[in-house]
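Below is one structure, written out as structure tokens; comments come after it.
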Amino acid sequence: MINKRINILKKKFKKFKIDGYIVPKNDEYFSEYAKNDRLKNISNFSGSAGIAVLLKKKNYLFVDGRYTIQAQQESSKNFDIIEIHKRLPHTIFKKFNLGYDPRLFTSKNLKNYFLNNNLIPINKNLIDQIVKFKEKKTKPFYSLKNNIIGESHQSKISKIVNFLKTNKTDYLFTSAPENVAWLLNIRGYDNPNSPIPNARLIIDKNKKIFLITKKNNALQIIKEKKINKNQVIEIEALPNLVNKLKGKSFIIDNKSCSIFYENIIKSKFTILDKNDPIYKLKSIKNSHEIRHTIETHKKDGLALTKFIYWIKNINKKTITEVEAQNKLEKFRKLNKDYLFPSFNTIAGSGSNGAIVHYRAKTKTTKKINKRDLLLVDSGGQYKYGTTDVTRTICFNSQKKSIKNAYTNVLKGHIAVALTNLSTDNTGKKIDIRARKFLKKEGLDYAHGTGHGVGFFLNVHEGPQSISKYNTIKMEEGMILSNEPGYYKKDHFGIRIENLIYVKKLKNKLSFENFTLAPIEKDLINYELLNSIEKDYLFKYHLNIYAEYSHLLNKKERKWLASLI
């Protein structure tokens, strides 16, 4: 099937006078999880980030360090796999005319990857001409009440208007759907793992807004008088709307405003080099959002605690990775507020755990060998909050080298949790703390230590993160993951992940855990832990016991007490 699609694509090159075609992972909304996964359909690669370039005689797939093993397994039959941080596409394609869909690229990412290559925009997507994607019926967007969000949409609009006036500009074009969701306090059904409403928005300095989406999507919020029907603009009508607008300048989002929409706005307005302010505003959660997220993690942690007990102590038969992730889903579904996974669960046994973003499939799922480590990375969307947690689980005694690697990951995890944010106040500085103990042994991991997390939105959001390059300062209310790891190819994977938030107490900032789920203790070499780290683990498990003991049966309770 993939070979056939590749051949059909290449037959189109002559018509458009191109030597190759670029296929990104993202869709036209630059969503975290693409609605129409064109990259998978042409390359078989199912990871969440990547870009393919297909030439007449050769094909390339560029991925980051998280996906090199996965890409080799899924796509190396038809593609050369290249780690993008080691070799950027523009170094390979200097002499080729490459076609691309301007709806799927921003000016920034096209320039980053391809510099001054000969790039030819093609308005009809060539993959869409080969693969017929089903148009799903959309449900209307819905509103979240102010007592959930803690701030009205009118208040948020006022903040954006102040930003526009301060920067002496007339309009903001918000093209990231999650930013529209934040601004209007709405959610939707347009994403498999996030309550995202597929919409864009224009707001002017006089508080007037235009919601760019299908009219049917806005029926509920029109009924609620959040917006009137004249303010809802069909996507096809955007050029006409822009042409009627008065003023001189626009701010667009260089992360999600495609070249296609940028060109429409640029035809009449000057574009200012500023970021969409919503990213920063959205990253700082208020007390209502933090409180709801705490409650969400209590619900989620109970499911995880029961699952870990079950798989370590109750499950007596040999099960597959898929069966394990389905069992975890059943535990989550016991809570009435659970909606759906916040991403596809990663349940990797043994060598599959070394594939950072592995996904077990029914046809290829592996049986969980009790001699192997099991890495389970999962999360849920609840009313109201988003979770993401990873645990590495063992079923019998492991050799010292594995215990040492696990313990050094744990030491990095604890070091992040105990960070003094008055000194190590950026992701870049905190990332050093996470890797310190592994690096002493000559080990490391090829992903960031932590990503930002949304409030009942995307499980990954910026601008904050814990990585080698992030210089955003930590502020009260920011939510991040804390997930150092270590991966030995063809053998095992280790990762320990909690969600944390920045809390202010007596004018001092520190991290506080959201996640309440037992950390595997059978893999710890206690000789490597100091008294502070041992005390952290004791208090962490004591907190879990205090929260859940009355909700567990006698055997579960006894097991949980043994971890303290």
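Bear in mind that the values here come from a model prediction, so they are computed numbers and not experimental data.
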I would like to know whether Leu537 and Ile524 meet side chain to side chain contact (heavy atoms under 4.5 Å, CB included); could you show each step before the answer? CA-CA 11 Å; Leu537 274 180; Ile524 298 172; 3.7 Å; yes
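- Taking a 6.0 Å sphere around NZ of Lys383, one finds it holds 12 or fewer heavy atoms contributed by other residues, nucleotides or ligands.
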Show the numbers, then the answer: is there a salt bridge (charged side-chain N to carboxylate O under 4.0 Å, His left out) between Lys156 and Glu151? CA-CA 7 Å; Lys156 292 179 177 181; Glu151 184 180 9; 5.0 Å; no
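- Between Lys306 and Glu556, at least one side-chain nitrogen of the basic residue sits less than 4.0 Å from a carboxylate oxygen of the acidic one, meeting the salt-bridge criterion.
- Heavy atoms only, all atoms of each residue included: Tyr358 and Gln70 are closest at N-OE1, 4.2 Å.
- Relative orientation of the Phe343 and His460 rings is tilted, given thresholds of 30° and 60° on the angle between their planes.
- Ion pair Asp253/Arg200 not flagged as a salt bridge, since none of the NZ, NE, NH1 or NH2 atoms sits closer than 4.0 Å to an Asp/Glu carboxylate oxygen.
- Closest approach of Lys439 and Asp444 over heavy atoms only: CE-OD2, 3.4 Å.
- Residues Lys285 and Glu461 are paired through a salt bridge, judged by an N-O separation under 4.0 Å between the basic side chain and the carboxylate.
- Between the side chains of Thr419 and Asp424, no donor N or O sits under 3.5 Å from an acceptor N or O.
- The environment of CZ in Arg187 is crowded: more than 12 heavy-atom neighbours from other residues, nucleotides or ligands sit within 6.0 Å.
- Contact check for Lys208 versus Phe210: side-chain heavy atoms found under the 4.5 Å cut-off.
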Ring pair (Phe, Tyr, Trp, His ring centres under 6.0 Å) assessment of Phe514 paired with Tyr501: CA-CA 7 Å; Phe514 278 129; Tyr501 68 101; 4.4 Å; yes
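- Screening Leu184, Ile212, Ile227, Ile278 against Leu201 for a side-chain contact (heavy atoms from CB on, under 4.5 Å) leaves a single residue, Leu184.
- When only modelled atom types and interatomic distance are considered, Tyr487 and His447 share a side-chain donor-acceptor pair under 3.5 Å.
- At distances below 3.5 Å, at least one donor-acceptor pair connects side-chain atoms of His541 with backbone N or O atoms of Ile519.
- In plain terms, the two heavy atoms of Cys257 and Ser175 that are nearest each other are N-OG, 3.2 Å.
- Using cut-offs of 30° and 60° on the angle between ring planes, the pair Phe173 and Tyr261 is tilted.
- For Asn26 (side chain) and Leu104 (main-chain N/O), a donor-acceptor pair under 3.5 Å exists by modelled atom type.
- Judged purely by distance below 3.5 Å, without hydrogens or angles, the side chains of Tyr67 and Ser48 pair a donor atom with an acceptor atom.
- Atoms CG and CG, from Leu499 and Asp300 in turn, are 9.0 Å apart once rounded to the nearest 0.5 Å.
- Donor-acceptor pairing under 3.5 Å is lacking for the side chains of Asn326 and Glu323.
- No more than 12 heavy atoms of other residues, nucleotides or ligands sit less than 6.0 Å from atom NZ of Lys428.
- Remark: Lys534 NZ is packed, more than 12 non-hydrogen atoms of other residues, nucleotides or ligands lying under 6.0 Å away.
- Note on Arg391 versus Glu520: no salt bridge recorded, every NZ/NE/NH1/NH2 to OD/OE distance being 4.0 Å or above.
- Side-chain rings of Tyr382 and Tyr338 approach one another, their centers coming within less than 6.0 Å.
- The local environment of NZ in Lys312 is crowded, with over 12 non-hydrogen atoms from other residues, nucleotides or ligands closer than 6.0 Å.
- Surrounding NZ of Lys436 are at most 12 heavy atoms belonging to other residues, nucleotides or ligands under 6.0 Å away.
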Please assess Leu373 against Tyr406 for the test side chain to side chain contact (heavy atoms under 4.5 Å, CB included), listing each intermediate value before the final yes or no. CA-CA 11 Å; Leu373 303 186; Tyr406 179 87; 6.0 Å; no
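- Under a 4.0 Å N-O distance rule, the pair Lys298/Glu295 qualifies as a salt bridge.
- Between His292 and Tyr384, the ring-plane angle classifies as perpendicular under the 30° and 60° cut-offs.
- A salt bridge is absent between Glu476 and Lys503; no separation between the charged side-chain nitrogens and carboxylate oxygens falls under 4.0 Å.
- Each of Glu224, Lys223, Gln220, His153 was compared with Ser143 under the side-chain hydrogen bond (donor to acceptor under 3.5 Å, both in side chains) criterion, and only Glu224 meets it.
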